[in-house]
Amino acid sequence: MTLPNCPECKSEYTYEDGNMLVCPMCAYEWSPEDASGAEEEKVYRDANGNVLQDGDTVSVIKDLKVKGSSSTLKQGTRVKNIRLVDGDHNIDCKIDGFGAMKLKSEFVKKI
């Protein structure tokens, strides 16, 4: 019987530890029952509940302080061609005048 690859880092070097499967590369542990189910795709929503997708254009709904800078990102700033990622800040984008930035989906609305 072959063991499934790690769902986190896709490593093929998984092993059994009691009734759990363990990945030695990233130390992720999961049960074999979880591995048999299909992975759910994450759905990201804006402040109004609209589903966001890669490439959408959004607008900032409130003034946001930019960490590490004295400037602020003003309400109504348009952000084009967003990219959705996993993590605390789930939007990667480039904003004119600011450069590359990460935003939380709860502070934007889809245009």
Side-chain angles (χ1 to χ4, degrees):
M1 181 175 123
T2 61
L3 296 174
N5 291 351
C6 174
E8 290 293 309
C9 69
K10 308 297 185 229
S11 172
E12 60 187 24
Y13 302 111
T14 57
Y15 63 91
E16 289 181 288
D17 185 21
N19 61 351
M20 300 291 285
L21 295 174
V22 180
C23 175
M25 305 304 283
C26 68
Y28 182 71
E29 297 182 12
W30 72 100
S31 67
E33 292 83 31
D34 293 344
S36 64
E39 280 191 36
E40 294 180 22
E41 179 144 347
K42 285 197 168 190
V43 176
Y44 298 101
R45 297 186 182 272
D46 69 357
N48 296 331
N50 298 319
V51 176
L52 296 172
Q53 297 177 347
D54 285 340
D56 282 345
T57 300
V58 296
S59 175
V60 178
I61 62 169
K62 67 180 238 176
D63 290 350
L64 299 173
K65 293 180 183 178
V66 178
K67 196 172 194 176
S69 175
S70 61
S71 59
T72 59
L73 190 58
K74 298 292 183 184
Q75 176 181 355
T77 302
R78 291 180 66 152
V79 182
K80 298 178 185 176
N81 199 17
I82 65 169
R83 188 170 47 117
L84 300 173
V85 295
D86 288 334
D88 185 32
H89 292 72
N90 45 20
I91 297 176
D92 273 349
C93 58
K94 287 186 181 178
I95 300 174
D96 294 337
F98 286 93
M101 193 169 265
K102 292 185 179 220
L103 298 172
K104 291 186 178 184
S105 60
E106 61 202 52
F107 297 121
V108 299
K109 68 177 180 178
K110 189 173 180 177
I111 296 179

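Side-chain atoms are counted along with the backbone in the values below, which use heavy atoms only and exclude waters and symmetry mates.
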Apply side chain to side chain contact (heavy atoms under 4.5 Å, CB included) to the pair L21 and E16, showing each step before the final yes or no. CA-CA 5 Å; L21 295 174; E16 289 181 288; 3.5 Å; yes
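Annotation for I82 and C93: closest pair CG2-CB, 4.4 Å, computed over non-hydrogen atoms. The heavy-atom pair separating W30 from N5 by the smallest distance is CZ2-O, 4.0 Å. Taking both residues in full, the closest heavy atoms of S71 and S69 are given as OG-OG, 2.9 Å, listed atom of the first, atom of the second, then distance. The shortest non-hydrogen separation linking Y44 to N90 is CD2-ND2, 3.3 Å.
If you take CD on E29 and SG on C23, they are separated by 10.5 Å, rounding to the nearest 0.5 Å. Residue L64 holds its CG atom at 8.5 Å from OG1 of T72, rounded to the nearest 0.5 Å. Once rounded to the nearest 0.5 Å, the distance linking NZ of K65 with OG of S70 reads 12.0 Å. A distance of 8.5 Å separates CD in E106 from NE2 in H89, rounded to the nearest 0.5 Å.
By the 4.5 Å heavy-atom criterion applied to side chains, R45 and L52 are not counted as neighbours. A heavy-atom distance below 4.5 Å is found between the side chains of M101 and V66. With contacts defined as side-chain heavy-atom distances shorter than 4.5 Å, the pair Y28/C9 does not qualify. Annotation: side chain of K102 is in contact with side chain of D92 (closest heavy-atom distance under 4.5 Å).
Judged by distance alone, with hydrogens and angles left aside, the side-chain atoms of D46 form a donor-acceptor pair with the main-chain N or O of N48 at under 3.5 Å. Formation of a donor-acceptor pair under 3.5 Å by the T14 side chain with backbone atoms of P4 is found in this model. A side-chain donor-acceptor contact under 3.5 Å links D54 to the backbone of L84.
In this structure, K94 places its NZ atom where only 12 or fewer heavy-atom neighbours from other residues, nucleotides or ligands lie under 6.0 Å away. At most 12 heavy atoms of other shown residues, nucleotides or ligands fall within 6.0 angstrom of atom CG in D96. The number of heavy atoms from other shown groups lying within 6.0 Å of CE (M20) is above 12. The local environment of OH in Y13 is sparse, with at most 12 non-hydrogen atoms from other residues, nucleotides or ligands closer than 6.0 Å.
There is no path of hydrophobic side-chain contacts, each under 4.5 Å, that joins V85 to V58. Hydrophobic clustering, with ILVMFWY side chains joined whenever heavy atoms are under 4.5 angstrom apart, keeps L103 apart from I61. Follow the hydrophobic side-chain contacts under 4.5 Å out from F107 and you never reach I111; the two are in separate clusters. Cluster membership for V22 and L3, using ILVMFWY side-chain heavy atoms within less than 4.5 angstrom, is not shared.
Comment: K110 engages D56 in a salt bridge, judged by a side-chain N to carboxylate O separation of less than 4.0 angstrom.
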